[in-house]
Amino acid sequence: MAEAIRLAARGRYSTHPNPNVGCVIVQQGEIVGRGWHQRAGEPHAEVYALREAGARARGADVYVTLEPCSHRGRTPPCADALIAAGVKRVLAASLDPNPEVAGRGLQRLREAGIAVESGLLATQAEQLNSGYLSRRRRGRPWVRLKLAASLDVRTAMASGESRWISAAAARQDVQHLRARSSAIVTGVGTVLADNPSMNVRLDAGQLNGVEPVRQPLRVVLDSQLRLPASANFVTLPGGKLVLTARDDQAAWRPLLAAGAEVALAPCAANGRLDPLAVLELLAEREINDVLLECGATLAGAFVGCGLVDELVLYLAPHLMGDTARGLLILPGLEQMSDRIELEWLDIRQVGEDLRITVRPKIRPATD
């Protein structure tokens, strides 16, 4: 199963909106077939593994990181392919919460006389598909917030100048975060201040040989529609979506003419776009993983609403002073008991900088 998980990870940049899945077929202790889902619309992991195993799949054990599908989508059901191949046993790391599958794949295998087990290395397998599972289980994407700061946790000078806080290696590392995301989300304030490109600038050789390189959907939250049609966000190739509360078709027209999509989104009580509603709209578009690259206000809004699942902070070895801008704007935290507790996931050096990955601490349930 560990080998199947390793194979599944090879699809992290290319399977959107499908999950990452790996499959290993074992005959009498020998691996005879390997496969991984490479791209949406192409064969699933089980099909590739069965092709490699050939006749040796009959009577074999199959290790797969996600429950085999039982419905016909863009490809035939994998459960049927396993049955036709005559495998003896199927071990699935985790169940698929897709309502079109949701236990039906394993049930179909059982009804065909195939022994079925689930749960082996489930935690590791589910980490590969945090976004897909979040969308299916919670109705919203997995949100990863990326920030860069100085050692005294400042993100820009008082004037707004912020290029560059982190060094070249860290900025290159961010490209991989972008590449594995379904969408990159920012606020119009960031676009107006920095005119960012918000695209993936890596070649196939840097992304497991995946070709062509998939560009995530670029999303800007712009309640009053201040975004100029000349911004890099709009003019660069790839999908771009502007979410706004301004229902004014005349104001939409320049952005639409420049190739952007504009859609309405509801506001929260503070007059800004509602973060949860934004995520639910993106889930409807089959967005699994969101990379949030934005300023302190929008970042604080998502954190304050409990909607950030993972925070990636690039910490640079320099000091910017107490007049520089802070990391997050989080109103209402007045006492120690109001703190948002985090837990460490990973700390490592990337070039000159540190990359710190944390997530909100899950508090134990109380009676």
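Note that the structure is a prediction, hence the values are computed from the model and not measured.
- Pairs engaging residues 294-303 under the salt bridge (charged side-chain N to carboxylate O under 4.0 Å, His left out) rule: none recorded [sequence neighbours left out].
- Cluster partners of Ile31, using a side-chain heavy-atom cutoff of under 4.5 Å among ILVMFWY residues and allowing indirect links, are Met1, Ile5, Leu7, Val24, Val26, Trp36, Tyr63, Leu91, Leu120, Leu121, Leu128.
- With sequence neighbours excluded, no residue forms a side-chain contact (heavy atoms from CB on, under 4.5 Å) with Ala269.
- For Gln215, there are no side chain to side chain donor-acceptor pair (under 3.5 Å) partners two or more places apart in sequence or in a different chain.
- Residue pairs that meet the salt bridge (charged side-chain N to carboxylate O under 4.0 Å, His left out) test with at least one member in residues 139-156, sequence neighbours left out, are Arg140-Asp309, Arg144-Glu310, Lys146-Glu293.
- Within the structure, salt bridge (charged side-chain N to carboxylate O under 4.0 Å, His left out) contacts touching residues 260-282 (residues at least two apart or in different chains) are Glu261-Arg285.
- Shown here are the side-chain contact (heavy atoms from CB on, under 4.5 Å) partners of Asn195, two or more places apart in sequence or in another chain: Ala231, Asn232.
- The hydrophobic cluster analysis finds Val350 isolated: no Ile, Leu, Val, Met, Phe, Trp or Tyr side chain comes under 4.5 Å of it, directly or through other members.
- Under the side-chain contact (heavy atoms from CB on, under 4.5 Å) criterion, Leu264 pairs with Thr244, Asp247, Trp252, not counting sequence neighbours.
- Side-chain heavy-atom separations under 4.5 angstrom define the hydrophobic clusters, and the remaining members of the one that includes Ile83 are Val21, Ile25, Val32, Leu50, Val62, Val64, Leu66, Leu82, Val87, Val90, Leu95, Leu106, Leu109, Ile114, Val116, Tyr132, Leu133.
- The salt bridge (charged side-chain N to carboxylate O under 4.0 Å, His left out) pairs that include a residue from residues 5-26 are Glu3-Arg6, where partners are two or more places apart or lie in different chains.
- In this structure, the side chain to side chain donor-acceptor pair (under 3.5 Å) partners of Glu117, at least two apart in sequence or on a different chain, are Arg89.
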